[in-house]
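The first residue of the sequence shown is numbered 1, and numbering continues consecutively from there.
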Amino acid sequence: MTNAKRIVVIGAGVAGLTSALQLSKKGYDVTVVAKFVPGDYDIEYTSPWAGANWMSFVKDSDRLANYDRITYGVFQKLVKQCPDAGIWPRRCITYVRQEDLDKQSDLLGGLLDARPWFADLVENFTMLDPSTLPKGYCQGIAFDSVCINVQIYLPWLQSQCFANGVKLKVVTLTHIKEAVYLHSSGYEADLIVNCTGLQASKLGGVTDPKVYPGRGQTVLVRNHAPDMYNVSGTTDGDDELTYIMSRPGGGTILGGCYQKGNWNGAVDPNLAQRIIKRALELCPELEKDFPLDIVRHNVGLRPSREGGPRVEFEYIEDVGKVVHNYGAGGAGYQSSYGMADHVVELVDLAFME
């Protein structure tokens, strides 16, 4: 029996796997337990449906900015050191409409700032000349970011966990206390890390009423876009978005929407047509080489939470020490290492008591 503290992480999405990896690097004996793992596709399993990229939309004073700041640095290192991780550098361009500046949407947050908090963090940040913007936009920025092919990255992240001694069990939990007895050592866990995402609203012992889905729908096409694009709003409704992400390994994600409280996992064909129309208007270069070629339509439920993500320690009766890490919404990837490092800090503190 090792002297390392035994930790069970619940959840094998980007939050759970990143937390497990960072904890294992600190010498903890980590077992991940999850209903779904990389390679699975289910509406309950959010991470495989993500775009994904780094495009921070929080304010500088927000604690979330530090999560994004840390993760940007890690992603930049992975781009250079781990070409097999499925992360590649991309130019990110954001356009803002005057009506969205007037409304100051909470969803877009710091992206509406002419000079957002990350201007001095990212490489080659530029405030775009208004005279060069497409019709209908009054403000714009461009900077060097990354795009993540989650079909490559999630299995890679899991493999990094395995290489660092993390064990994995596929299991369905109904109550958080069940995790105490699922450590691979056969002994009870000393601490539980809860990375259950949307399931935090249903898991016994947690049942967080602040958790809700932010439904997203995208179209994956074989066509290529020269850069990543994002705009502040659309004329099709406040819950519809326009963004374009060219993925490493080929293909481009066209989005999208953010439908608060919508649990529907079915594709809306009318929404799909609006997404395609807006993407082609924003980036006609998509059809430079051949007409739009659709691979598939995707629906994912972002694990959102009123008041922002929950990253905190809690002592639960009949369970013991628990650290929560869930509710990142659409920032799951771009904040993943910052949130996981916070988890490690809380775990360290829990064992100092």
Hydrophobic clusters here meaning ILVMFWY residues chained together by side-chain heavy-atom distances under 4.5 Å, can you tell me if Leu17 and Ile152 are in one? no
Can you list the residues that meet the salt bridge (Lys or Arg N to Asp or Glu O under 4.0 Å) rule with Asp42, with sequence neighbours excluded? none
When rounded to the nearest 0.5 Å, the distance separating CZ of Arg215 from CH2 of Trp49 is 12.0 Å
Glu314: which residues meet the salt bridge (Lys or Arg N to Asp or Glu O under 4.0 Å) condition with it, sequence neighbours left out? Arg310
Does Asp190 come within less than 4.0 Å of Lys321, counting only side-chain N to carboxylate O? no
Between Asp68 and Ser335, what is the shortest heavy-atom contact and its length? OD1-CB, 3.3 Å
Can you hop from Phe118 to Tyr229 via hydrophobic side chains spaced under 4.5 Å? no
With a 6.0 Å cut-off (strictly less than), is the heavy-atom count around NZ of Lys177, excluding the residue itself, greater than 12? no
Students should find that the hydrophobic cluster of Val211, defined by side-chain heavy atoms under 4.5 Å apart, otherwise consists of Val8, Ile10, Val33, Ile43, Val171, Leu173, Ile176, Val180, Tyr181, Leu182, Ile192, Leu198, Leu203, Val206, Trp263, Val267, Val299, Leu301, Ile316, Val319, Val322, Tyr326
Look at Glu188 together with Arg6 and state whether they make a salt bridge at an N to O cut-off of under 4.0 Å. no
Least distance between heavy atoms, Val347 atom then Val193 atom: CG2-CG2, 4.3 Å
Nearest heavy-atom pair of Thr242 and Thr234: which atoms, and what distance? OG1-CG2, 3.5 Å
CD of Glu123 to CD of Gln76: how many Å apart, nearest 0.5 Å? 5.5 Å
Any salt bridge linking Arg278 with Asp236? Criterion: basic side-chain nitrogen under 4.0 Å from a carboxylate oxygen. yes
So, for Gln158 and Pro38, which heavy atoms are closest and what is the spacing to 0.1 Å? OE1-CD, 3.4 Å
Is there side-chain contact between Asp144 and Pro89, with at least one heavy-atom pair below 4.5 Å? no
Closest non-hydrogen atoms of Ile141 and Pro116, given as atom of the first, atom of the second and distance, are CD1-CG, 3.8 Å
Set of residues satisfying salt bridge (Lys or Arg N to Asp or Glu O under 4.0 Å) with respect to Arg97, sequence neighbours excluded: Glu99, Asp100
Taking atom SG of Cys257 and atom CD1 of Ile275, what is their separation to the nearest 0.5 Å? 6.0 Å
Could you tell me if the side chain of Tyr258 sits less than 4.5 Å from the side chain of Ser304, heavy atoms only? yes
Close side-chain approach of Trp156 and Asp84, heavy atoms under 4.5 Å: yes
Check ion pair Lys202-Asp208 (N to O, under 4.0 angstrom): no
What one should report as the nearest heavy-atom pair of Ser47 and Gly13 is OG-CA, 3.4 Å
Which is it for Glu312 and Val323 under the side-chain contact (heavy atoms from CB on, under 4.5 Å) test, yes or no, and what are the steps along the way? CA-CA 6 Å; Glu312 64 182 15; Val323 172; over 6 Å; no
Short question: side chain of Glu285, backbone of Pro226 - any donor-acceptor pair under 3.5 Å? no
Are Val170 and Val37 packed together at the side-chain level, in the sense that at least one heavy-atom pair is separated by less than 4.5 angstrom? yes
Taking the side chain as everything from C-beta on, heavy atoms only, tell me whether Leu292 gets closer than 4.5 Å to Ile276. yes
Linking I/L/V/M/F/W/Y whenever any side-chain heavy atoms sit under 4.5 Å apart, do Leu23 and Met339 land together? yes
Side-chain donor-acceptor pair present, Gln98, Asp102, cut-off under 3.5 Å: yes
Between Asp227 and Arg90, is there a salt bridge with N-O shorter than 4.0 Å? no
CG (Leu280) and CD (Glu287) are apart, to the nearest 0.5 Å, by 4.5 Å
Please evaluate residues Thr18 and Gln22 with respect to the criterion side-chain hydrogen bond (donor to acceptor under 3.5 Å, both in side chains), reporting the C-alpha separation (whole Å), side-chain torsions for both, the decisive distance (0.1 Å), and the verdict. CA-CA 6 Å; Thr18 310; Gln22 300 302 85; over 6 Å; no
side-chain hydrogen bond (donor to acceptor under 3.5 Å, both in side chains) between Asp348 and Tyr28: does it pass, once the steps are laid out? CA-CA 10 Å; Asp348 287 344; Tyr28 290 109; 2.5 Å; yes
Residues Tyr72, Tyr337; criterion ring-ring contact (aromatic ring centres under 6.0 Å, His included); working and verdict: CA-CA 9 Å; Tyr72 182 85; Tyr337 284 93; over 10 Å; no
Minimum side-chain heavy-atom gap Gln139-Leu101 below 4.5 Å: yes
Min side-chain heavy-atom separation Ile148-Trp88 under 4.5 Å: no
About how many Å separate OG of Ser246 and CG of Leu254, when rounded to the nearest 0.5 Å? 9.0 Å
Identify whether the distance between the nearest side-chain nitrogen and carboxylate oxygen of Lys135 and Glu281 falls below 4.0 Å. no
Mind checking ring-ring contact (aromatic ring centres under 6.0 Å, His included) for Tyr45 and listing every partner two or more places apart, or none if nothing turns up? Phe36
Quick one: CG on Asn230 to CZ on Phe57, what's the gap to the nearest 0.5 Å? 9.5 Å
Answer yes or no: is there an ion pair linking Asp238 with Lys103, defined by an N-O contact shorter than 4.0 Å? yes
Side chains of Gln199 and Glu44, heavy atoms from C-beta outward: is any pair under 4.5 Å? yes
Determine whether Leu220 and Thr252 satisfy the following criterion, side-chain contact (heavy atoms from CB on, under 4.5 Å), listing intermediate values before the conclusion. CA-CA 6 Å; Leu220 175 62; Thr252 299; 5.8 Å; no
Exercise: do Ser19 and Asn325 side chains pair donor with acceptor under 3.5 Å: yes
In this structure, which one of Val219, Ile244, Asn298 forms a side chain to side chain contact (heavy atoms under 4.5 Å, CB included) with Ile253? Asn298
Please lay out, stage by stage, how Asn164 and Lys25 fare under the test side-chain contact (heavy atoms from CB on, under 4.5 Å). CA-CA 7 Å; Asn164 227 41; Lys25 289 179 179 179; 3.5 Å; yes
In chain order, what residues pass the side-chain hydrogen bond (donor to acceptor under 3.5 Å, both in side chains) check against His342, with sequence neighbours excluded? Tyr67
Phe75, Phe125: one ILVMFWY side-chain cluster at the under-4.5 Å cut-off? yes
With clusters defined by side-chain heavy atoms of hydrophobic residues (ILVMFWY) lying less than 4.5 Å apart, directly or transitively, does Leu282 cluster with Val96? no
Could you go through the side-chain contact (heavy atoms from CB on, under 4.5 Å) check for Gln217 and Glu240 one step at a time? CA-CA 10 Å; Gln217 181 172 317; Glu240 295 199 21; over 6 Å; no
Would you check if the side chain of Arg302 reaches a backbone N or O of Gly214 as a donor-acceptor pair within less than 3.5 Å? yes
Does a side chain donor of either Trp117 or Ser56 reach within less than 3.5 Å of an acceptor in the other side chain? yes
